[in-house]
Protein chains: 2
Amino acid sequence: MTGNDPVYLRVVEELRAQIVDGTLPPGAPIPSRAQLTQRFRVGETAARHALRVLAAEGLIIGKVGSGHYVREKSVLYPLQRCRYIDHDAPFAADMQAGGHRATWDWRSDQTKAGRDVARRLRLDEGDPVIRTRYVFRTEGRPMQLATSYESGDLGRAQPFPEEGTNGRKSLLARMSAAGVKITDIRESVHTRVPQPIESDLLDLPTGVHVLHVERTHWSGERPVETSDIVVPGDRFRLVYSVPMGA
Amino acid sequence: MTGNDPVYLRVVEELRAQIVDGTLPPGAPIPSRAQLTQRFRVGETAARHALRVLAAEGLIIGKVGSGHYVREKSVLYPLQRCRYIDHDAPFAADMQAGGHRATWDWRSDQTKAGRDVARRLRLDEGDPVIRTRYVFRTEGRPMQLATSYESGDLGRAQPFPEEGTNGRKSLLARMSAAGVKITDIRESVHTRVPQPIESDLLDLPTGVHVLHVERTHWSGERPVETSDIVVPGDRFRLVYSVPMGA
DNA sequence: TTGGTAAAGTTGGGACTCCAAGTCTTCGTC
DNA sequence: GACGAAGACTTGGAGTCCCAACTTTACCAA
């Protein structure tokens, strides 16, 4: 059982163990391809494959011309760099960067609802919707992509107004101005491989997945806005906090 | 810019486009290595690498001896196969499989709090905690791993009792029996590469990440239970739904 | 028609090799 | 001492071959 599994796994497992237990601390150089072939008595293919697997796992990072290095912990787990929820007002605050400079960019346009958006907003395919695409940056680095859809009949024409830095507050303001009261927010979270555009915009290294949040604001039985929020899976934690009201 | 990027990317991009636009529908066979080398005039390495990338992205699946096939949509997005939250009682119900047979297995023991658990339960490292490890299965397939920690001083000795199939209900029962009222639940969600044990227990194909949920039950200002919940990232959606109480 | 076998095709692991582009270090020159 | 070029080393892309294990298909015999 242990004797006949692939040889590259032996290399992966030994290196991984050393990284996890701290023998190889963050920043430490990993033996090069040439060194691995000697040390483990394997071919270059196996050594190379082992390094690729560890890189895909996010444990090491390869610098061409220099070598592979153990990834810094801070990159792996920058805990709560961005809180998703505010304790006092659950689900009320949008993403806020924890103490870092943050900027939003967005662009609104009108388009037709696709199948997915139509389902989520209870519209028919092809109905007009207002689409707003956001890019959220902290320290200049893109950190979050969001695309928001509102059904086109909700009486709102002006481009994004007041409260420029907070998409949600301005949404709530517009909604209440239109007489719509948000009663309920539903989110669905899953993880997947980034699409090429996303890994481009978010500047993702290979092997990093994204968290995809589908958030829908409801007014009674009617969905009024839905958005797709995409963040790098290794740099973010979504934090939910909900009081258990009796 | 487009002329000198890796040739394997050409293969990846063409196949990915055909999969996304439906030219290659779910279940359709992907050209084999040999065919790809001919069609794209590339070496075996490039063809093989392209297939590996697409497999890692979850778009295709390789069957040894047979070929690569476009993955079924249902496998990619089995939407709400498992709801995480019940609409009537937000954060009250634990995972419920949507109409599928589901079983829990668990084992409790007493251990010492590690650094992470100590921080989350506001204990000191080394303090006694009760650890319960769960494996959740639907249709026989393991679908969720959970490890729950309660501080050891919460007056509970008997092995798991009543309400066997629902870890959370039994927790609440025990808690209320001990006079502890849960006021608040906080969760933190991120995604990462599965640890070897996890990919083993959850039977994960390579390239699939996991969603890691850290859930803590609070009683006022005091955390009383914390758990790590690990689910396959490609088969699950966590669904949160919270009414916006005035 | 059915059963079984053989051949052809496919994946996944592995070994070598070559090369371009980048980094690091060393050493000699100014 | 400062500077710069050369050489050694490293990664990542790419090609070729080989092999074991497995699936699919085709064909032949009962």
* To do: Compare every heavy atom of B:Val42 with every heavy atom of B:Arg10, then report the nearest pair and how far apart it is.
  => NH2-CG1, 4.4 Å
* Structure fact -> Residues B:Leu51 and B:Ile60: closest non-hydrogen pair is O-CD1, 3.6 Å
* Sugar-phosphate, base or nothing in reach of B:Gly65, heavy atoms under 4.0 Å -> base
* Please work out if B:Thr45 contacts a base, only the sugar-phosphate, or nothing of the nucleic acid, heavy-atom cut-off 4.0 Å. => base
* Along DNA chain D, first and last positions that approach a heavy atom of chain B under 4.0 Å -> D:dG13 to D:dT24
Measure the distance from [atom1] on [X] to [atom2] on [N] and round it to the nearest whole Å.
X	N	atom1	atom2	result
B:Ile60	C:dT10	CD1	C1'	13 Å
B:Arg48	C:dT10	CZ	C1'	11 Å
B:Glu44	C:dA15	CD	C1'	13 Å
A:Arg52	C:dG13	CZ	P	10 Å

* Position toward the 5' end of DNA chain C (nearest nucleotide), A:Ala47 or B:Lys63 -> B:Lys63
* Structure fact -> Between A:His49 and A:Tyr69, the residue closer to the 5' end of DNA chain C by nearest nucleotide is A:His49
* Can you pull the ring-ring contact (aromatic ring centres under 6.0 Å, His included) pairs that have at least one residue in residues 5-37 of chain B, sequence neighbours excluded? -> B:Tyr8-B:His49
* Asked: Under a 4.0 Å heavy-atom cut-off, which of residues 29-40 of chain A touch DNA chain D?
  -> A:Ser32, A:Arg33
* Should the pair B:Arg120-B:Asp228 be classified as a salt bridge under the 4.0 Å nitrogen-to-oxygen rule? -> yes
* Asked: Does the distance from a Lys or Arg side-chain N to an Asp or Glu carboxylate O, for B:Glu44 and B:Arg33, drop under 4.0 Å?
  -> yes
* **Check: A:Leu54 and A:Arg16 side chains under 4.5 Å, non-hydrogen atoms** => yes
* Is A:Val231 close to A:Val210 at the side-chain level, that is, under 4.5 Å between some pair of heavy atoms? -> no
* Between the side chain of B:Thr37 and the main-chain N/O of B:Ala34, is any donor-acceptor distance below 3.5 Å? -> yes
* State, without any angle test, whether B:Glu225 and B:Thr216 hold a side-chain donor-acceptor pair at a distance under 3.5 Å. => no
